[in-house]
**Student:** 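Just dropping this structure here.
Worth knowing before you read on, the calculation uses all heavy atoms, side chains too, and leaves out hydrogens, waters and symmetry mates. Below, read A as the first sequence line, B as the second, and so on, with proteins coming before strands; counting in each chain starts at 1.
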Amino acid sequence: MTNSSSLNTLNPEQRKAAETVQGRVLILAGAGCGKTLVLTMRMAHLVHSGIAKPEEILGLTFTNKAAAEMRRRMAKLLGEERSKKITLCTFHSFCLMVLRKDIQHLGYTKHFSLYDAHDIHRLITQISRTLLEHESVMPSLSPTINAISKARSQGVFDENSPVNDQWHDQFTKDVHKRLQDSLRAYNAVDFDNLLCLTVELFMKKPHILDEYQNRFRYLMIDEYQDTNPVQYQLAAHLSNKHNNLCVVGDDDQSIYGWRGAEVRNILEFDKACVIKLQQNYRSTNTILNAANAVIKNNKMRRDKELWSAIEGGESLEVFHAPTEIDEAQAVADRIVKLKESKNLSWKDIAILYRSNSLSRQIEMALLKKTWKNGDRWIQGVPYQIFGGEEYYERREVKDIMAYLRVILNPFDQEALLRIINLPRRGIGEETLDKLTSLNRQEGIPLWQVLQRQILNNTLELTDRSQKALEQFSNLMSEAKQKFENGNLRESVKWLIERVDFKRSIHEEVKSEKMRAFKWENVEEFVSAIGDYEDNLHKELRPQDISLHDFLTTTPLGQDKPFRQEKNIQEEKVTLMTFHSAKGLEFKACFLIGLEDHIIPHEKSLKETGIEEERRLMYVAITRAKRYLTLSMAKQRKRVGKDMPSRPSRFLFEIPKELLHISQWNCPP
DNA sequence: CGTCAGCGGGTTTTT
DNA sequence: CCCGCTGACG
C-alpha cells in the first residue's frame with residue numbers, strides 16, 4: 001500500500017466515511033470537501049481489507065466524466081488490474097448493460113434503437129400533429145414536452161404506473177400514451193425508459209434482479225441529490241438484499257430539480273449512519289463565508305457549514321456596469337489584469353453565467369481585447385466555450401446513424417422517416433403521407449407498409465413515386481447484406497458513397513465553409529467507427545452486436561468514439577453555465593449577469609422555486625478557489641429590447657464586509 | 001417537389 | 001436579436 005492510499009491521509013470524518021462500509025450510509029459532502037477522494041478510498045478499503053472483491057462493488061454516477069475520474073483514481077489506488085473489475089458507470093450505462101442482456105423479457109429485441117432527446121422531440125411533435133389533425137392551430141408544445149419528460153423521470157412508464165394520476169391535462173396524457181406505444185412499436189428505448197425498463201425488468205423477473213443483487217454486494221451512489229424517483233427505485237431494488245448502500249451528495253448542490261431530481265431523496269434518506277464532510281480544501285474562508293451566508297437562507301436543507309484552513313483570502317470584487325456591453329468589457333479588462341498581477345494562466349480563470357445567451361457579449365469582448373505580453377501587443381483573449389452541440393448530435397452525424405439504425409432495426413420509424421428522402425430521392429410529402437396514414441390507421445409498421453406497397457401498389461402511386469420507393473427498398477436490402485458480411489468501416493464507407501451522402505449535405509447547407517465542415521464530420525465518423533471496430537474483440541462480438549453497441553453507446557457518450565475530451569487543460573479561459581460548472585474548480589471565477597430575473601431566473605422561480613436558484617448561486621460561488629468577481633449591469637437587452645435590471649437579491653445575502661465594491665470601469 | 005419568407009418563441013441539460 | 005418551423009408559392 002502506498003502512502004497516498006493510506007486511510008491515515010484522510011481527516012477524521014473522511015476516514016470514518018471510508019471505513020463505515022456496512023449498512024446504509026449517508027455521506028453529506030460539501031463542495032470541495034474531498035467527496036471523490038472518500039468514495040474511491042472507501043472502495044479501496046473494501047478491497048484491501050478483504051471485505052469485498054472488486055467485482056462485488058458497484059459505483060453509480062450521473063456523468064461519464066465523474067465515472068472516468070473515479071476510474072482514474074481507482075487505478076492509482078488499486079492498480080489497473082483490480083480497479084478494472086469494479087463496475088463504475090453512469091446509471092444509464094448500467095441500465096443499458098442490463099437491458100442489452102435481458103430486454104427480450106419486456107417485448108423488445110436485442111436490436112433496439114436508442115433515442116435521444118431530439119428524437120423524442122420529433123416524435124412528440126408528430127404525435128401531436130396526428131392528435132390535433134382537425135384543429136386549426138397547433139398549440140405550443142413546450143409545456144407538453146416538459147410535462148412528459150418530467151413525468152417520465154418520475155417513473156410513469158405505462159398506464160398502470162402508480163404515479164399516473166398527476167397529469168395536468170388530457171392532451172399531455174394522450175401524447176404520452178402514444179409516445180410509449182410508438183417507442184414500443186419502433187423497438188426503441190430512450191434515455192428515460194432505459195431506467196424505467198430496467199426497474200420494470202427487475203420487478204417482473206425477480207431472478208434477474210437476484211443475479212445483480214448477489215453480484216453487487218456493495219453499492220455506492222455519487223451525487224445522490226440528483227437522483228430522480230426512478231433512480232431511487234433502482235437503487236432500492238439493487239441494494240435490497242445486502243442493504244449495503246452508501247450514498248454521497250450535497251443537498252445544497254441539488255440543481256436539477258427541473259428535470260426530475262428530488263432533493264427529498266437525500267433529505268429523507270433512511271440511514272444507519274450520517275457523516276458530514278465540512279472541511280473544504282478548495283477555497284478561501286472569505287469565499288466560503290459568502291457561500292455559507294447565501295445558502296443558509298434556504299429552509300429545505302440539512303444544516304452544514306463549510307470551513308477552510310486556508311485563512312483570509314481577498315474580498316469578493318463586485319461591480320455594477322451601465323450596460324451588458326460595458327460589463328463584458330470590464331470583465332475582459334479585469335481578467336487580463338488579474339492574470340498579470342496574480343501570475344495566473346488562462347486556464348485558471350472561468351467566466352460563469354446563468355444562461356447560455358449571456359456568453360455572447362463576453363465572447364465579443366474577449367475577441368476585441370488587446371493586451372500586452374512582455375513588450376508585444378496581442379489581440380484577443382483565448383477562450384473555450386462549453387456546452388455546445390455534442391458531436392453525435394450534429395445533423396449529418398445523426399443522419400448517418402439513422403441509416404445504421406434502420407439497417408439494424410427497420411422498425412425504427414423515427415430513423416426511417418429521417419432518411420427515407422435524404423438525400424432527396426423523390427419520396428415526397430404526399431407519398432409519405434399516404435404511407436404513414438396506413439401505418440397510423442392500421443397500426444402496421446411503416447417498414448411493412450412500404451414493402452407491401454412495393455409488391456402491389458395498393459396506394460395507387462404514380463410510376464415515378466413507385467420507382468423511388470423500390471429503389472429505396474433495394475438500397476436498404478443491399479446495405480443490410482453489406483453490413484452482414486463486410487466489416488463496419490468498409491460498409492459505412494460504401495454506404496456513404498452509395499447513398500450519395502455528399503449530395504445531402506449539399507442540399508441542406510448553403511455556405512461552402514459549412515459544407516466542408518460537415519463533410520469533415522462525416523469523414524471523422526468513418527474513422528471513428530473504424531477505430532471502434534478495431535477495439536472490439538471480434539470473436540466475442542458478432543457484426544450485428546457490435547453495430548448495436550456502437551449505436552447505443554455513442555449517444556450515451558461513455559465509450560467516446562469521438563467525443564473530444566472536455567478537458568480544461570488547454571491554455572484558455574473557460575466560459576460555461578453555472579450548471580455545467582458543477583464539480584469543477586478554478587483559481588479565479590467571474591460570475592456575470594447577477595441580476596434579478598436572470599438569477600433567480602423568473603421562470604424558474606415559478607417552476608422549481610427560489611431555493612433551487614439559491615443553490616445554483618451557491619454552486620457558482622463555491623467554484624472559486626482564490627479570487628471571485630461578481631458583476632451585473634444596470635441595463636440589459638432582453639429579447640431585443642433594452643430593459644432596466646436590478647442586482648440579484650442573492651447579492652444582498654452576502655455580508656458587506658466580504659465584498660469590495662468597485663467602480664465598474666476602474667479595475668483594482 | 002423544393003425554396004424561402006414570415007412568424008413565434010427564447011433557462012438550465014446530462015444521459 | 002437570433003433561431004427553427006410552417007406554410008405559401010414557384
Side-chain angles (χ1 to χ4, degrees), chain A residues 60-67 89-96 114-118 120-122 125 129 137-143 146 149-150 152-153 189-195 223 226 228 230-231 254-261 324 352-361 386-390 392-393 395 421 423-433 462 464-465 468 507-508 510 552-558 563 566 576-583 593 597-608 612-613 615-617 619-620 636-642:
Chain A
L60 294 175
T61 64
F62 281 81
T63 64
N64 294 306
K65 202 165 87 192
C89 58
T90 63
F91 273 97
H92 292 267
S93 33
F94 177 76
C95 291
L96 181 65
L114 184 62
Y115 280 20
D116 69 11
H118 251 102
I120 294 295
H121 196 294
R122 274 174 52 125
T125 313
R129 257 201 284 264
V137 280
M138 267 275 270
S140 161
L141 288 181
S142 60
N146 283 339
S149 101
K150 185 135 187 208
R152 306 172 87 229
S153 68
V189 174
D190 76 331
F191 290 174
D192 292 322
N193 280 357
L194 220 41
L195 306 178
E223 304 278 19
D226 290 332
N228 66 31
V230 186
Q231 286 157 335
S254 164
I255 54 174
Y256 286 103
W258 49 274
R259 64 175 212 225
E324 77 273 19
L352 309 177
Y353 33 80
R354 169 68 232 260
S355 52
N356 282 123
S357 58
L358 295 172
S359 70
R360 199 185 196 87
Q361 291 301 336
F386 288 80
E389 210 177 23
E390 292 288 348
Y392 78 88
E393 285 170 338
R395 180 109 70 99
N421 199 29
R424 284 169 197 141
R425 48 170 76 87
I427 305 176
E429 208 176 325
E430 205 177 323
T431 312
L432 217 47
D433 233 34
T462 60
R464 211 173 77 175
S465 307
E507 282 165 353
E508 275 179 275
K510 289 172 216 146
T552 50
T553 55
T554 298
L556 282 182
Q558 83 240 61
R563 141 184 314 225
K566 279 193 175 183
M576 66 172 118
T577 62
F578 292 168
H579 281 91
S580 26
K582 194 172 90 167
H597 82 262
I598 293 179
I599 175 132
H601 196 284
E602 52 192 2
K603 208 162 178 179
S604 214
L605 272 185
K606 276 186 237 132
E607 276 159 35
T608 32
E612 179 147 323
E613 290 294 289
R615 291 192 289 264
L616 190 52
M617 184 73 192
V619 167
R636 181 179 299 273
K637 266 212 175 13
R638 270 215 260 176
V639 200
K641 269 209 142 49
D642 277 327

**Student:** Listed by chain and number, what are the ring-ring contact (aromatic ring centres under 6.0 Å, His included) partners of A:Phe578, not counting sequence neighbours?
**Tutor:** none
**Student:** Taking the side chain of A:Arg464 as its heavy atoms from C-beta onward, which of B:dG2, B:dC1, B:dT15 lies nearest to it?
**Tutor:**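 Nearest to the side chain of A:Arg464 among the choices is B:dC1.
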**Student:** Can you tabulate the close N/O pairs, meaning under 3.5 Å, that link protein atoms to atoms of nucleotides 1-5 of chain C?
**Tutor:**
none

**Student:** Counting only N and O atoms by type, is there a donor-acceptor contact under 3.5 Å from the side chain of A:His92 to the main-chain atoms of A:Leu194?
**Tutor:** no
**Student:** Roughly how many Å is it from CD1 in A:Ile120 to C1' in B:dT13, rounded to a whole number?
**Tutor:** 16 Å
**Student:** A:Lys603 has a side chain; which of B:dG10, B:dT14, B:dT13 sits nearest to it?
**Tutor:** B:dG10
**Student:** Identify which nucleotide among B:dT15, B:dT13, B:dT11 has an atom closest to any side-chain atom of A:His92, counting heavy atoms from C-beta outward.
**Tutor:**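 My answer, after comparing the listed nucleotides, is B:dT15.
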**Student:** Under 4.0 angstrom, heavy atoms only, what part of the nucleic acid is A:Glu602 near: base, sugar-phosphate, or nothing?
**Tutor:**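 The residue A:Glu602 makes no contact with any strand.
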**Student:** Tell me whether the side-chain N/O atoms of A:Thr90 come closer than 4.0 Å to OP1 or OP2 in B:dT14.
**Tutor:** no
**Student:** Describe the nucleic acid contact of A:Ile427 in one word from base, sugar-phosphate, nothing, applying a heavy-atom distance below 4.0 Å.
**Tutor:**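 Answer is sugar-phosphate: A:Ile427 comes under 4.0 Å of backbone atoms only.
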**Student:** With sequence neighbours left out, write down each residue that passes salt bridge (charged side-chain N to carboxylate O under 4.0 Å, His left out) with A:Lys582, or none if nothing qualifies.
**Tutor:** A:Glu223, A:Asp226
**Student:** Look at all strands and tell whether A:Phe62 reaches a base, only sugar-phosphate, or nothing, counting heavy atoms closer than 4.0 Å.
**Tutor:**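 Sugar-phosphate contact only.
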**Student:** Out of B:dT12, B:dG2, B:dT15, which nucleotide sits closest to the side chain of A:Arg424?
**Tutor:**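 When the side chain of A:Arg424 is considered, B:dG2 is the closest of B:dT12, B:dG2, B:dT15.
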**Student:** Give the intermediate values and the outcome of side chain to side chain contact (heavy atoms under 4.5 Å, CB included) for residues A:Glu607 and A:Glu612.
**Tutor:** CA-CA 10 Å; A:Glu607 276 159 35; A:Glu612 179 147 323; over 6 Å; no
**Student:** Only counting residues at least two apart or in another chain, list the ones meeting ring-ring contact (aromatic ring centres under 6.0 Å, His included) with A:Phe62.
**Tutor:** A:Phe91
**Student:** Is a side-chain donor or acceptor of A:Asn228 paired with a backbone partner of A:Arg152 at a separation under 3.5 angstrom?
**Tutor:** no
**Student:** Give a yes/no answer on whether the side chain of A:Thr431 brings an N or O atom under 4.0 Å of OP1 or OP2 in B:dC1.
**Tutor:** yes
**Student:** Starting at the 5' end of DNA chain B, which residue's closest nucleotide do you reach first, A:Ser604 or A:Gly426?
**Tutor:** A:Gly426
**Student:** Could you check whether A:Tyr256 and the base of B:dT14 form a stacked pair, meaning centres closer than 5.5 Å and planes differing by less than 30°?
**Tutor:** no
**Student:** Within the structure, does a side-chain N or O atom of A:Ser580 lie under 4.0 Å from either OP1 or OP2 of B:dT13?
**Tutor:**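 Checking A:Ser580 against B:dT13: at least one side-chain N or O falls below 4.0 Å of OP1 or OP2.
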**Student:** In whole angstrom, give the distance that lies between atom CD1 of A:Ile255 and atom P of B:dT13.
**Tutor:** 9 Å
**Student:** For A:Arg360, check salt bridge (charged side-chain N to carboxylate O under 4.0 Å, His left out) against everything at least two apart and list the hits.
**Tutor:**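 In terms of salt bridge (charged side-chain N to carboxylate O under 4.0 Å, His left out), with neighbours along the sequence ignored, A:Arg360 is linked to no residue.
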**Student:** Write down the distance between CH2 (A:Trp258) and P (B:dT12), rounded to a whole number of angstrom.
**Tutor:**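 These atoms are roughly 9 Å apart.
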**Student:** Answer yes or no: side-chain N or O of A:Arg259 and base N or O of B:dT14 forming a donor-acceptor pair under 3.5 Å.
**Tutor:**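 Answer yes: a donor N or O sits under 3.5 Å from an acceptor.
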**Student:** Choose from B:dT12, B:dG2, B:dT11 the nucleotide whose nearest atom is closest to any side-chain atom of A:Asn421.
**Tutor:**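 The nucleotide sitting nearest to the side chain is B:dG2.
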**Student:** Using heavy atoms to find the nearest nucleotide of DNA chain B for A:Asp192 and A:Asn146 separately, return the residue whose nucleotide is more 5′.
**Tutor:** A:Asn146
**Student:** Rounded to the nearest Å, what distance is computed from the NE2 atom of residue A:His579 to the C1' atom of nucleotide B:dT14?
**Tutor:** 11 Å
**Student:** Check this one for me: any side-chain N or O of A:Asn356 less than 4.0 Å away from OP1 or OP2 of B:dT12?
**Tutor:** yes
**Student:** Looking at the side chain of A:His601, which of B:dT15, B:dT11, B:dT12 is the nearest nucleotide?
**Tutor:**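 Selected nucleotide (nearest to the side chain): B:dT11.
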**Student:** Among all residues two or more places apart in sequence or in another chain, which pass the ring-ring contact (aromatic ring centres under 6.0 Å, His included) test with A:His601?
**Tutor:**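 Testing A:His601 for ring-ring contact (aromatic ring centres under 6.0 Å, His included), a comparison that skips the adjacent residues, returns none.
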**Student:** May I have the distance from A:Leu114 (atom CG) to B:dT14 (atom P), rounded to whole angstrom?
**Tutor:**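 It works out to 16 Å between those atoms.
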